[in-house]
Amino acid sequence: MSAPEPVISCKSVWKLFGPNADHYFSTLKGAPSFQSIREAGYIAAVRDVTLDIPRGEMLVIMGLSGSGKSTLVRCLSRLIDITGGEVHVDGQDIGALKEKELIELRRNKMGMVFQSFGLLPHRTVLDNIAFPLEMRGQDRHTRRARAMEVIELVGLSGREDYFPRELSGGQQQRVGIARSLAIEPDIWFLDEPFSALDPLIRREMQDEFLRLQRLLGKTIVFITHDFDEALRLADRIAIMKDGAVEQCDRPDRIVMNPATKYVAKFTHEIDKARVVRASALMQPVNGAALTGDAVGSQQTIHDLARLIINDPREAFPVAGDDGALLGMLPRQEAIDVLLGGHA
Amino acid sequence: MSIAITDTPPVGGGLTRIRMAQILLIVALGLIVAKTVLPAGLIRPPEWLVWPFADWINAAFRFMRDDLGLIHVTRAIADGIEWLLDVTANLLYGKSRWPNIGPIPWTVIASSAAIIGYALNGWRLALLSGGTFCWIAIMGQWTWSMETLSVIVVAAPFSILMGLLMGIAAWRSALFEKLLNPVLNIAQSMPHFAYMIPVVVFIGVGPKAGAVVTIIFSVPPMIRMTLLGLKKVSDEVIESGKMSGATQLQLLWSVRIPTARTDILVGVNQVIMQCLAMVVLASFIGMPGLGQKLLQLLQALKVGRSVEIGITIVLLAVMLDRCSKAWAMRQPQHHDKGTPWFVRHRLALIWAVLTLVLLGLAQVVPLFDQISRRQALSLAGPLDAVVDWFIVVVDPVTTWLRWFLIVWVLIPLRDAFLFAPFSAVLMLIAAAGWAIGGLRSAAICVAFFGFIAMSGWWDRAMITVYTVTVSVAIATVIGFPLGIWASRNQARAQRMLLVCDTFQTFPSFIYLIPVVMLFGVNDVAVVGAVVLFAAVPLIRYTIEGLRGVPHEMVEAAEMSGATYGQTMWKVRLPLALPTIMVGVNQSVMFSLFMVIIAAFIGTQDLGQEMQRALSSSDVGKGLVLGTAVAFMGLLVDHLVQTWGARRRALLGL
């Protein structure tokens with residue numbers, strides 16, 4: 001990722017809850033801990049978070065409940081006003097936007113999916129999905145036509161006259177997804193979209209979501225408390241604890257090199273071979289003599305397991321998608337990962 | 001029954017809350033015992049303590065009415081309302097006013113009601129709605145009922161609109177909510193009559209006054225429910241609205257209000273029921289209709305005829321309640337794709353056709369248009385016979401009961417309440433306040449009751465307190481075991497709750513019919529009516545409290561080998577008690593309302609004075625009396641709420 005201009009960029013963002021939090025924040029110096037802020041009677045929901053999200057990336061924010069991940073995403077969409085720092089969207093400081101400009105931004109650039117769907121109970125599927133279009137004043141006909149498009153996209157054709165309460169949880173969330181896509185947003189926020197669903201449906205929705213993402217290629221901020229889900233979906237994962245980001249990196253790097261003990265607790269139980277790709281273990285060739293077929297840099301060690309066990313080579317050449325030689329994969333390290341050896 | 005409440009740690013002077021309450025209690029008892037040697041100023045409020053609130057209020061009202069010319073404004077509003085009333089009166093019972101097209105044939109109204117009932121909740125409601133109007137027509141009560149309904153038809157929409165707007169205002173402005181809250185608290189605990197006196201002064205008497213008083217009386221619940229509904233809308237729904245790019249106004253009209261629909265419609269239901277209750281009582285200020293008829297018949301002790309009217313009022317109440325509740329609970333439902341329009345609008349079509357047919361028939365067959373009094377049936381004869389027979393049968397019991405209650409319970413208790421020096425009563429109240437909520441509660445309670453002492457109606461107030469105390473005590477003795485019995489299994493609990501629900505929809509006036517029938521016109525009848533009225537919320541909350549105890553706790557008790565009785569006494573009752581106390585609270589409120597209404601069958605309490613204030617249009621006196629009654633209710637409310645909140649916190653509920 002050769003640092004294109006970030007779509008969303010936040011610089012030391014803070015969010016404190018409590019009486020007169022702004023004033024209290026202005027008295028803070030240095031980097032106070034979560035505990036010391038709490039003793040003062042405030043909750044630090046977001047603590048000094050700095051993140052850049054480049055165009056087209058899917059950033060998954062992972063944390064347990066109360067870690068501040070939902071608050072962070074609400075700061076990015078300015079559903080909540082931040083206490084300190086800056087959030088830029090497409091180069092605009094959204095904290096400085098007037099209400100009208102903010103509404104314009106949401107009407108044209110942002111979509112959001114909610115954990116408990118946030119559907120309007122008195123509107124049909126069609127009217128729920130057309131709601132953002134109605135808000136920006138589009139006429140009935142165009143509204144309907146666009147809504148039908150997204151209904152088809154999320155696979156709800158034939159249900160457009162149903163009311164939310166007549167749908168299953170999975171279907172309701174499809175409506176939520178369709179609504180957030182109706183305005184063709186550039187930025188897509190998803191706040192634990194699948195947490196309220198049962199495990200089988202969740203899996204199905206994740207696949208559906210990956211399909212949509214491949215189709216649409218949006219910039220995505222995805223919130224979850226489920227580490228497996230994060231690993232499945234993310235380009236990068238930001239792990240949060242007590243309002244601060246503990247580590248923000250590619251899934252395989254997090255699994256291989258957890259930055260803190262807290263992160264290590266999550267990675268401990270993970271079958272690393274399924275996460276780590278050849279590129280993560282890759283070393284420079286440095287003149288070593290490599291023979292035989294190359295492995296793909298995006299293949300996981302688990303994909304390569306049979307080869308790694310059976311092929312006697314000490315190291316395998318690693319090639320990119322275009323076939324160019326990128327480096328080599330030492331066999332011993334691959335076996336270590338496969339057998340769950342060292343971290 | 002309840003676990004001993006742990007004392008708060010000693011504060012300041014080292015006195016616990018309970019110890020302080022005990023001291024106050026001993027002082028109070030001392031004052032009672034030493035009554036004979038007390039100075040007069042401690043026995044009854046001395047003159048310097050009695051302030052002329054009524055005169056001040058009257059002066060203020062005179063200023064507003066005459067000097068500010070408010071009377072022209074109110075008269076103008078009243079004239080507007082009268083015009084609307086005339087329109088509905090013409091349509092419903094053919095009063096000769098514009099638009100001069102009425103009356104609509106009764107068959108059309110009955111069939112429309114049936115179809116509305118069907119649309120809202122199927123056959124049973126259709127039968128109830130249609131049947132109610134058929135009964136009214138056949139019993140020859142059409143005009144009276146329509147007089148009553150025409151006021152509701154005008155008043156309810158006014159209240160709903162006003163309540164909605166004020167609810168939204170209170171939701172938008174925290175300050176307005178703060179100001180409104182105590183006003184609503186007092187308004188909702190003021191007896192009906194207190195509302196009537198200012199209306200008589202500003203508007204006069206008759207249907208328009210009835211409509212205005214009905215509107216004023218029924219607004220508070222709508223404000224409350226609107227506010228509650230708006231606050232309850234889930235954050236995510238609002239956030240989803242914001243993320244859809246809704247402006248503040250769009251959020252309010254397209255997201256918040258539709259999502260709060262059910263709560264707002266529950267408010268509508270309450271408005272309609274309050275309207276009915278008030279419109280019946282407004283007969284006291286010359287509102288014609290069912291209420292006036294019932295009042296006359298009751299005063300003439302014509303039991304059979306008054307039972308007929310009573311049945312009509314009950315049917316109307318149940319019908320209005322069920323229909324508006326069904327509307328509130330109704331969930332939207334989609335039609336399958338490709339359903340033709342005449343299927344989608346099936347009911348509207350049936351209604352149109354039926355109405356046309358009935359309108360035509362009414363032209364040909366007069367019986368389909370109107371049923372005159374002479375053609376009407378009456379059950380009065382047989383009803384009177386049955387009632388007479390019944391009274392003869394139960395007479396030994398009722399006579400004995402009447403004698404026993406009056407001689408052994410009511411008179412001694414009343415004398416005891418009147419005997420107590422006012423200083424002792426205030427001390428007792430302070431003790432109760434202190435025991436439950438410390439200094440703050442004690443101060444609030446003494447302030448509430450202190451006003452009553454200062455109002456100059458101490459003896460009357462004590463009689464009201466005595467009637468309410470006796471009635472709530474008897475209601476508890478009846479209602480509590482009944483509630484426990486009914487909560488034994490789900491089916492029985494549901495049946496009982498349905499009965500309670502139905503009873504609660506009856507306008508309070510109705511409760512007087514059976515007691516007057518059984519006991520005649522005296523104190524026992526008053527207490528009887530209050531007990532009937534007050535027992536309903538007690539039964540209701542006892543059942544709800546007991547059924548609401550979490551299953552795991554009951555199961556845990558059963559697995560610990562507890563018998564049914566042990567589970568009840570050691571687990572279910574203590575956990576249900578906060579809810580049951582809500583019932584007691586409501587029971588006291590209801591009793592206060594009923595005691596005041598019952599005044600016209602002869603009591604000597606505040607209600608009787610209220611009646612006098614009403615007949616002499618004395619606004620000041622009426623409001624002082626009304627406030628005194630409201631403060632009694634608020635005092636109990638404060639104590640129960642404080643206790644309940646602490647108890648719930650303790651139990652972690």
Side-chain angles (χ1 to χ4, degrees), chain A residues 70 73-74 77-80 99-100 102-138 157-167 175-176 179-180 182-183 185 187-189 191-192 196, chain B residues 119-121 164 172 174 178 225-226 228-268 326-341 343-346:
Chain A
S70 285
V73 81
R74 279 163 176 73
S77 52
R78 211 183 146 196
L79 280 170
I80 297 179
E99 171 148 340
K100 241 180 126 179
L102 182 66
I103 287 175
E104 274 315 300
L105 181 73
R106 287 177 182 156
R107 284 182 180 179
N108 297 307
K109 280 200 179 146
M110 292 176 168
M112 184 155 173
V113 181
F114 296 89
Q115 182 177 3
S116 1
F117 325 134
L119 300 180
L120 300 173
H122 58 290
R123 285 171 170 252
T124 60
V125 167
L126 186 84
D127 287 339
N128 259 296
I129 294 171
F131 186 71
L133 307 171
E134 188 182 326
M135 290 299 103
R136 48 181 202 196
Q138 275 176 283
S157 301
R159 306 271 158 138
E160 55 270 14
D161 288 332
Y162 282 54
F163 287 91
R165 129 197 107 76
E166 299 174 311
L167 299 175
V175 178
R179 175 178 61 187
S180 67
I183 58 152
I187 305 167
W188 201 13
F189 298 108
D191 181 15
E192 302 205 32
Chain B
L120 287 171
N121 207 12
L164 200 61
R172 288 200 70 122
K178 242 187 192 153
M225 290 312 291
T226 305
L228 179 79
L230 287 176
K231 280 186 173 171
K232 243 173 55 182
V233 177
S234 85
D235 283 345
E236 278 205 347
V237 169
I238 292 161
E239 283 175 341
S240 78
K242 283 186 184 163
M243 288 307 288
S244 301
T247 61
Q248 288 296 331
L249 212 62
Q250 283 174 324
L251 264 185
L252 182 62
W253 289 108
S254 307
V255 178
R256 291 187 207 261
I257 290 182
T259 310
R261 174 187 177 276
T262 301
D263 286 300
I264 292 176
L265 287 180
V266 169
V268 169
W327 187 32
M329 294 306 152
R330 206 172 131 78
Q331 297 289 343
Q333 201 133 29
H334 73 276
H335 289 281
D336 282 329
K337 256 189 142 54
T339 314
W341 67 272
V343 179
R344 284 176 195 262
H345 303 288
R346 189 170 51 108

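Per chain, numbering begins at 1; letters A, B, ... match sequence-line order. Treat the numbers as computed from the prediction; the structure is a model and nothing was measured.
Between the OG atom of Ser180(A) and the CE atom of Met243(B) there is a distance of 9.5 Å, given to the nearest 0.5 Å. Atom OG1 of Thr247(B) is separated from atom CG of Leu102(A) by 12.0 Å, given to the nearest 0.5 angstrom. To the nearest 0.5 Å, atoms CD (Gln333(B)) and CD (Glu166(A)) are separated by 5.5 Å. With values rounded to the nearest 0.5 angstrom, Thr262(B) atom OG1 is found 11.5 Å from His122(A) atom NE2. With rounding to the nearest 0.5 Å, the separation of OG in Ser116(A) from CG in Asp235(B) is 10.0 Å. Atom-to-atom distance recorded for Ser244(B):OG and Arg107(A):CZ is 10.0 Å, nearest 0.5 angstrom.
Among Gln115(A), Arg165(A), Glu99(A), Arg179(A), the residue making the largest number of heavy-atom pairs under 4.5 Å with chain B is Arg165(A).
Nearest approach of Gly118(A) to Val237(B), heavy atoms of both residues: CA-CG2, 4.0 Å. The shortest heavy-atom contact between Met135(A) and Ala246(B) is SD-CB, 3.5 Å. Across Phe131(A) and Ser254(B), no two heavy atoms sit closer than the pair CE1-CB, 3.8 Å.
Contact of Thr124(A) with chain B is not made at all, since no heavy-atom distance falls under 4.5 Å. Within the 4.5 angstrom heavy-atom criterion, no atom of Ser234(B) approaches chain A. Using a 4.5 Å cut-off between heavy atoms, Phe117(A) contacts chain B through its backbone alone, with no side-chain atom that close.
Between Met112(A) and Lys242(B), the closest side-chain pair of non-hydrogen atoms is not below 4.5 Å. Using a 4.5 Å cut-off on side-chain heavy atoms (C-beta onward), Ser240(B) and Leu119(A) make no contact. Taking 4.5 Å as the limit, some side-chain heavy atom of Glu239(B) sits within range of a side-chain heavy atom of Phe114(A).
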